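To start, the structure itself, in structure tokens.
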Amino acid sequence: MDHFPIFVALAGRRVILSGGGDAALAKLRLLLKTTAHITVFGPNAAPEIKQWHASGKLTYIARKIEPGDAMCAVLAYAADEDDALDARTSQIARADGAMVNIVDNLGDSQFITPAIVDRDPVTIAIGTEGAAPVLARAIKADLEERLPQKLGTLARIGKSFRKAADVLPMGRARRDFWRDYYFTSGPKANSNATIQSALDTTLAKHIAQKSRDAHVAFVGAGPGDPELLTLKARKAIDEADVIIHDRLVTGEILELARREALIVDAGKEGFGPSMSQTRINALIAEHTQNGAQVVRLKSGDPTIFGRLDEEIETCAAHNIAYSIIPGITAASAAVASIGQSFTRRGRNGSVRFLTGHDMKGFADHDWASLAKPDAVAAIYMGKKAARFVQGRLLMHGADRLTPVTLIENASRPDQRIIPATLETLADVTAVTGPAVIFIGLAPRDAANSLADLPQEEFA
């Protein structure tokens, strides 16, 4: 991020602009929405600028900007549409201490003006750092259609009510009240008077309520791609007071949490440094003591190799309410990436999900069934166990040419698809990211032509 988005306080402060043509008009139409004191310099100004001057909306001075004209100005716009004049304006304004924007000159500007969706006092700024103005306008148009016009009225009346809402405890109770107002009771009102009434009624309801009970949501974060999160998962993440997450949950997904939420890394790494399950259970109990809404964020689906039962037992032992929000398991994302299906009529009517992490349990599998020609299996956390799997299957009569596919970082930008056979399985596991190994499945040529490429080209 080269440009940090902020909102500048302009009430009663000076903003200057040099220019009088189309570029100046475009900026002024936006600036006139503010309560800044605007001064325009330029020997030739469009009629609209002179009309705004006559009506007292801005001050127009019919000459070039001179040293000292930008004193005490917080922002300055160079909109002369002439490189030499814009450079002169920029030099003068910077010397006077103002932040400068040169219209259509991103490289020499100190700040940029974003596309804006205006529902005063709700303001949405959209910027692309100058890379794609058309995209910013498209996003603006989309938001304009989605956001109701009375959103600003709801916010304005809500702002005047903030002191009254201070009777509610800080944190969850107060957030629940405002969420109820802005998304339920407020939008149903059809006038300013009924909006005010809705605020009073909603506050009385929340004052009468007992403190919200603690709750733990076991949420599947999917294989890593934020777009594969369910809507229910996104809502739970947004409402969480505390998020206790696995090592494989991506940063893009954690970015969806509120800034006020406490983020706890409970990462585990196979055969490496880990937070113990006992400590994770203790964290769940600890963070629900004061009515917190806790999200236990697990990669993939929490019901598949996620040690979910142990954490549910912790909730039961402490009388903590819980819910389970399933996610897309890594194997589902991985099989989609190779254009295949887990089951196929006439080939196999079942699929096995195995974990290579539990070697004791691994030894007890029905290897004879897994070694059959049409068997399909998905092995999680199987990198370390690859040679063991290979040996067991071959011992039980599996064909050495049985197709095997290893998918690393399924669904993520750095996903790799590595096709192999049972004979070469132990030679293709030098990967660092999370991986799923498919026994009995190869990439479908029609959907993924990578199978014909050298192994080092899979990236």
Side-chain angles (χ1 to χ4, degrees), residues 3 5-66 68-82 85-86 89-90 92-94 96-106 109-128 130 133-134 136-141 143-145 147-157 159:
H3 292 80
I6 60 172
F7 287 88
V8 180
L10 292 183
R13 303 181 74 183
R14 290 193 74 212
V15 174
I16 67 158
L17 182 145
S18 176
D22 291 340
L25 288 172
K27 295 300 180 187
L28 287 170
R29 289 189 184 100
L30 193 58
L31 289 168
L32 286 171
K33 293 177 179 286
T34 74
T35 53
H37 295 309
I38 303 168
T39 303
V40 178
F41 294 91
N44 299 302
E48 293 94 331
I49 294 175
K50 294 177 180 178
Q51 290 170 6
W52 289 329
H53 171 75
S55 61
K57 294 182 177 179
L58 55 75
T59 299
Y60 169 56
I61 299 175
R63 61 168 173 78
K64 291 181 181 179
I65 189 172
E66 299 293 344
D69 285 339
M71 290 294 291
C72 299
V74 60
L75 300 178
Y77 284 88
D80 290 291
E81 301 179 69
D82 178 279
L85 291 176
D86 285 339
T89 297
S90 176
I92 290 172
R94 289 186 190 219
D96 287 344
M99 289 277 288
V100 178
N101 171 269
I102 303 175
V103 176
D104 292 332
N105 184 343
L106 179 67
S109 294
Q110 293 176 294
F111 72 95
I112 56 178
T113 304
I116 289 177
V117 178
D118 183 11
R119 296 290 187 274
D120 184 40
V122 178
T123 307
I124 300 171
I126 306 155
T128 63
V134 171
R137 285 194 291 271
I139 296 171
K140 169 182 164 66
L143 290 173
E144 290 281 8
E145 291 179 6
L147 298 178
Q149 289 296 323
K150 72 174 181 180
L151 184 65
T153 302
L154 286 173
R156 197 174 303 111
I157 294 175
K159 181 180 180 181

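Heavy atoms only: backbone and side chains are in, while hydrogens, waters and symmetry mates are out. No experiment lies behind these values; they were computed from the predicted model shown.
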Asn105 and Asp86: CA distance, side-chain angles, deciding distance, side-chain contact (heavy atoms from CB on, under 4.5 Å) verdict: CA-CA 9 Å; Asn105 184 343; Asp86 285 339; over 6 Å; no
Residues Asn101, Leu75; criterion side-chain contact (heavy atoms from CB on, under 4.5 Å); working and verdict: CA-CA 8 Å; Asn101 171 269; Leu75 300 178; over 6 Å; no
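Qualifying side-chain contact (heavy atoms from CB on, under 4.5 Å) partners for Asp82, counting only residues two or more places apart in sequence or in other chains: Ala84, Leu85. By the salt bridge (Lys or Arg N to Asp or Glu O under 4.0 Å) test, Arg156 pairs with no residue at all, sequence neighbours left out. Under the side chain to side chain donor-acceptor pair (under 3.5 Å) criterion, Ser109 pairs with no residue at all, not counting sequence neighbours. Under the salt bridge (Lys or Arg N to Asp or Glu O under 4.0 Å) criterion, Lys140 pairs with Glu144, not counting sequence neighbours. The side-chain contact (heavy atoms from CB on, under 4.5 Å) search around Ala141 returns none, not counting sequence neighbours. Asp120 meets the side chain to side chain donor-acceptor pair (under 3.5 Å) test with no other residue; sequence neighbours excluded. Remark: Thr123 engages no residue in a side chain to side chain donor-acceptor pair (under 3.5 Å) (not counting sequence neighbours). Residues satisfying the side-chain contact (heavy atoms from CB on, under 4.5 Å) test with Leu147, not counting sequence neighbours, are Val117, Arg119, Ile124, Leu151.
The number of heavy-atom neighbours closer than 6.0 Å to NZ of Lys64, taken from other residues, nucleotides and ligands shown, is 12 or below.
For the pair Val122 and Ala155, the tightest heavy-atom approach, listed with the atom from each and the gap, is CG2-CB, 3.6 Å. Across all non-hydrogen atoms, the minimal contact from Ala93 to Ala76 is CB-CB, 3.6 Å. Nearest heavy-atom pair across Val103 and Ala23 is CG1-CB, 4.0 Å.
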Enumerate donor-acceptor pairs with a distance under 3.5 Å from any side-chain N or O in residues 30-51 to protein atoms, sequence neighbours excluded.
from	atom 1	to	atom 2	distance (Å)
Thr34	OG1	Leu31	O	2.7
Thr34	OG1	Ala36	N	3.2

Would you be so kind as to tabulate the donor-acceptor pairs closer than 3.5 Å made by side chains of residues 7-19, with sequence neighbours excluded?
from	atom 1	to	atom 2	distance (Å)
Arg13	NH1	Ala9	O	3.2
Arg14	NH1	Asp69	O	2.9
Arg14	NH1	Met71	O	2.8
Arg14	NH2	Asp69	O	3.1
Ser18	OG	Asp80	OD1	3.2
Ser18	OG	Asp80	OD2	2.8
Ser18	OG	Thr89	OG1	3.3

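In this structure, the separation between NZ on Lys159 and CG on Leu154 is 15.0 Å, given to the nearest 0.5 Å. To the nearest 0.5 Å, the span separating CZ on Phe111 from CD1 on Ile102 amounts to 10.5 Å. Here the CG atom belonging to Leu28 is positioned 5.5 Å from the CH2 atom belonging to Trp52, to the nearest 0.5 angstrom.
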